[in-house]
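One structure below.
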Amino acid sequence: MRITFLGNHSVDYSSEAHHCKSLESLGHEVVRLQEGKAQGQEVLAEAERSDMLVVVHTHGWGTPGLPIDQVLAQVNAKHIPTVTYHLDLWMGLQRQRDLQRDPFYRQIGHFFTVDQRMADWLNNNTPVKGHFLPAGVFHEECYISEEPSPDANEVIFVGSKRYHPEWLWRPQLIDFLRRTYGSHFTHVGGDGDTGTKRGDELNRIYANSKVAVGDTLCLGFDYPWYASDRLFEAPGRGGFQIFPRIEGISQWFDGTLKTFEFGDFDGLKYLIDYYLDHDAERESLRRAAHNRVKQHHTYRNRWQKILTTVFE
């Protein structure tokens with residue numbers, strides 16, 4: 001299958017780069033076009049020679065010349081599937097305004113989203129076919145490293161402290177971990193202790209640390225069925241993770257995911273301390289969660305699901 005893919009291909013760690021490599025690993029030919037640079041007519045011409053057009057459209061860019069919504073309209077008219085797969089949350093955030101302002105969200109044929117509520121909204125309010133599909137991990141980064149890391153620690157948090165302005169819980173969580181565990185805690189991230197870590201460096205940190213505490217934006221502490229890609233990346237890249245409890249996500253791990261309640265620092269500390277002291281149990285869960293993710297939750301799995309859904 002020939003697939004035209006419009007998105008950010010300027011760095012090898014973008015989601016689009018991982019998605020394209022996942023599609024190629026499934027045996028498909030992928031034509032990469034760079035967002036904001038590829039002319040609309042070029043996108044249209046490549047799409048007309050392809051079996052599917054994928055557009056990862058984020059805020060603030062368009063196609064020079066022919067606008068992307070007009071490209072999509074013409075491709076749809078030729079019965080060539082137009083698809084997007086987004087790992088972001090819109091509902092309840094400032095960016096939700098884009099859904100009303102940007103015609104892209106009326107012209108894309110299939111919108112695969114990690115947010116069940118957004119899939120429902122698209123199906124109820126637009127001609128777009130909304131599909132709920134959780135995030136995953138890039139299959140080439142889904143391994144447990146045997147190499148040491150100077151940045152590993154007993155307790156780690158991976159991710160930015162300065163996150164969405166709508167989510168003030170994360171700075172509180174990181175501050176709690178630092179106060180509680182002191183030199184036994186490392187904040188891995190661009191605004192943390194280590195700077196940004198990617199690729200094998202991040203795998204080595206996960207694999208050589210004892211407990212990774214996860215987080216995800218959960219409006220009202222009760223927003224169901226949405227979790228950031230860290231949910232899958234941490235175990236997929238070799239870490240033992242304790243994650244906030246969110247309705248719907250435990251089923252993806254078949255008992256291998258340990259969760260705490262938002263705001264319950266005492267409960268979180270109990271879980272962290274327990275697994276710091278129980279090496280064999282922690283290791284058993286780490287291996288089981290990793291194997292679960294590697295088998296069911298890579299982006300290769302996700303794109304196979306997308307292709308099956310679209311072409312059935």
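Count residues from 1 along the sequence.
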Note to self: Tell me the closest heavy-atom pair linking Pro81 and Asp51, and the distance in Å.
What the structure shows: CD-O, 3.2 Å

Notebook entry, point to check: So, does Thr126 use its side chain to make a donor-acceptor pair with the main chain of Leu122 at under 3.5 Å?
Noted result: yes

Check: Given the rule in the side chain to side chain contact (heavy atoms under 4.5 Å, CB included) test, do Thr259 and Ile242 qualify, once you have shown the distances and angles that lead to the verdict?
Finding: CA-CA 5 Å; Thr259 61; Ile242 299 175; over 6 Å; no

Next item on the list: Is it possible for you to say whether Val293 and Leu133 belong to one hydrophobic cluster, with membership spreading through side-chain heavy-atom contacts below 4.5 Å?
Entry: yes

Notebook entry, point to check: Ile144 and Ile156: same hydrophobic cluster, using ILVMFWY side-chain contacts below 4.5 Å?
Noted result: no

Notebook entry, point to check: Could you state the interatomic distance from CE (Met91) to OG1 (Thr113), rounded to the nearest 0.5 Å?
Noted result: 9.5 Å

Note to self: Does Arg302 form a side chain to side chain donor-acceptor pair (under 3.5 Å) with His297? I'd like the steps, not just the answer.
What the structure shows: CA-CA 7 Å; Arg302 301 298 187 241; His297 300 302; 2.9 Å; yes

Check: Taking the six-membered ring where the residue is Trp, are the ring centres of Phe111 and His86 under 6.0 Å apart?
Finding: yes

Next item on the list: Go through Thr63 and Leu33 one step at a time and tell me if the side chain to side chain contact (heavy atoms under 4.5 Å, CB included) criterion holds.
Entry: CA-CA 11 Å; Thr63 45; Leu33 298 178; over 6 Å; no

Notebook entry, point to check: How long is the span from the NZ atom in Lys129 to the CG atom in Asn123, to the nearest 0.5 Å?
Noted result: 9.0 Å

Note to self: Please give me the minimum heavy-atom distance between Trp252 and Arg292, naming the atom from each residue.
What the structure shows: O-NE, 3.2 Å

Next item on the list: Give the ring-plane orientation class for His9 versus Phe5, where under 30° counts as parallel, over 60° as perpendicular and anything between as tilted.
Entry: perpendicular

Check: Is there a side chain to side chain contact (heavy atoms under 4.5 Å, CB included) between Val55 and Ile68 once you walk through the steps?
Finding: CA-CA 9 Å; Val55 181; Ile68 186 59; 4.3 Å; yes

Next item on the list: Tell me whether the centres of the aromatic rings in Phe253 and Phe232 are closer together than 6.0 Å.
Entry: yes

Check: Hey, are the side chains of Ile246 and Asp222 touching, using non-hydrogen atoms and a 4.5 Å cut-off?
Finding: no

Next item on the list: Would you please classify the geometry between the His187 ring and the Phe185 ring as parallel, tilted or perpendicular, with 30° and 60° separating the classes?
Entry: parallel

Next item on the list: Walk me through it: do Glu141 and Lys21 pass the test salt bridge (Lys or Arg N to Asp or Glu O under 4.0 Å)?
Entry: CA-CA 12 Å; Glu141 295 177 336; Lys21 290 180 180 179; over 6 Å; no

Next item on the list: Decide if the gap between the ring center of Trp303 and the ring center of Phe138 is smaller than 6.0 angstrom.
Entry: no

Check: Any side-chain heavy atom of Val211 sitting closer than 4.5 Å to one from Glu154?
Finding: no

Check: Taking the six-membered ring for Trp, are Trp169 and Tyr163 ring centroids under 6.0 Å apart?
Finding: no

Checklist line | Distance, nearest 0.5 Å, that separates CD of Gln41 from CG of Leu66 | finding: 5.0 Å

Item checked: Lys/Arg N to Asp/Glu carboxylate O, Glu283 vs Arg286, below 4.0 Å -> yes

Checklist line | Ion pair check, Asp69 and Arg106, cut-off under 4.0 Å | finding: no

Item checked: From CZ (Arg32) to CD1 (Ile3), nearest 0.5 Å -> 10.5 Å

Checklist line | Partner of His131 by side-chain hydrogen bond (donor to acceptor under 3.5 Å, both in side chains), out of His110, Gln116, Lys305 | finding: His110

Checklist line | Flag side-chain contact, heavy atom, 4.5 Å: Leu276 against Val155 | finding: yes

Next item on the list: Would you please test Ile249 and Leu257 for side chain to side chain contact (heavy atoms under 4.5 Å, CB included) and show each step?
Entry: CA-CA 9 Å; Ile249 68 171; Leu257 178 66; 4.0 Å; yes

Notebook entry, point to check: Can you tell which of Tyr223, Trp90, Trp121 makes a side-chain hydrogen bond (donor to acceptor under 3.5 Å, both in side chains) with Asp115?
Noted result: Tyr223

Checklist line | Donor-acceptor pair between Tyr206 and Glu233 side chains, under 3.5 angstrom | finding: no

Check: Taking side chain as C-beta onward, heavy atoms only, is Thr216 less than 4.5 Å from Arg170?
Finding: no

Checklist line | Closest non-hydrogen atom pair, Gly214 against Phe157 | finding: C-CE1, 4.2 Å

Next item on the list: Find out whether Phe104 and Asp98 are in side-chain contact, i.e. whether some heavy atom of one side chain is under 4.5 Å from a heavy atom of the other.
Entry: no

Next item on the list: Output yes when a side-chain donor or acceptor of Thr82 lies under 3.5 Å from a complementary backbone atom of Gly109, and no otherwise.
Entry: yes

Notebook entry, point to check: Under the 3.5 angstrom rule, does the side chain of Gln96 hit a backbone N or O of Gly92 as a donor-acceptor pair?
Noted result: yes

Checklist line | Exercise: identify the closest heavy-atom pair between Asn208 and Ser149 | finding: ND2-N, 3.9 Å

Checklist line | ring pair (Phe, Tyr, Trp, His ring centres under 6.0 Å) partner of Tyr299, chosen from His18, His139, His19 | finding: His19

Next item on the list: Indicate whether any N or O donor in one side chain lies under 3.5 Å from an N or O acceptor in the other, for Asn125 and Tyr105.
Entry: no

Check: More than 12 heavy atoms of other residues, nucleotides or ligands under 6.0 Å from OH of Tyr270: is that the case?
Finding: no

Notebook entry, point to check: Would Glu261 and Arg245 pass as an ion pair if we require N to O under 4.0 Å?
Noted result: yes

Next item on the list: Mind checking the OG1-CD1 spacing from Thr194 to Ile205? Nearest 0.5 Å is all I need.
Entry: 5.5 Å

Notebook entry, point to check: If you look at every heavy atom in Tyr85 and Pro134, which pair is closest and at what distance?
Noted result: OH-O, 2.6 Å

Next item on the list: Identify whether the distance between the nearest side-chain nitrogen and carboxylate oxygen of Arg282 and Asp279 falls below 4.0 Å.
Entry: yes

Next item on the list: Measure the shortest side-chain to side-chain distance between Pro64 and Lys37 over non-hydrogen atoms and say whether it is less than 4.5 angstrom.
Entry: no

Checklist line | Intermediate values then yes/no, side chain to side chain donor-acceptor pair (under 3.5 Å), Asp200 and Tyr143 | finding: CA-CA 9 Å; Asp200 186 65; Tyr143 63 89; 2.6 Å; yes

Next item on the list: State, with a plain yes or no, whether a side-chain heavy atom of Phe262 is found less than 4.5 Å away from one of Cys218.
Entry: yes

Check: Are Leu23 and Val56 co-members of a hydrophobic cluster defined by side-chain heavy atoms under 4.5 Å apart?
Finding: yes

Check: How many angstroms lie between atom CG of Asn301 and atom NE2 of His296, to the nearest 0.5 angstrom?
Finding: 8.0 Å

Next item on the list: Using salt bridge (Lys or Arg N to Asp or Glu O under 4.0 Å) as the criterion, point out the one residue from Asp191, Asp215, Asp175 that pairs with Lys161.
Entry: Asp175

Next item on the list: For the residue pair Ile108 and Val83, establish whether any side-chain heavy-atom pair is separated by less than 4.5 Å.
Entry: no

Next item on the list: Measure across Gln107 and Val128 and return the closest heavy-atom pair with its distance rounded to 0.1 Å.
Entry: N-CG2, 4.5 Å

Next item on the list: Go through Glu46 and Arg2 one step at a time and tell me if the salt bridge (Lys or Arg N to Asp or Glu O under 4.0 Å) criterion holds.
Entry: CA-CA 10 Å; Glu46 291 292 351; Arg2 187 180 196 269; 2.8 Å; yes

Check: Taking atom types as modelled, is there a side-chain donor on Asn203 or Ser145 under 3.5 Å from an acceptor on the other?
Finding: no

Checklist line | ILVMFWY network linking Leu168 to Leu219, side-chain heavy atoms under 4.5 angstrom | finding: no

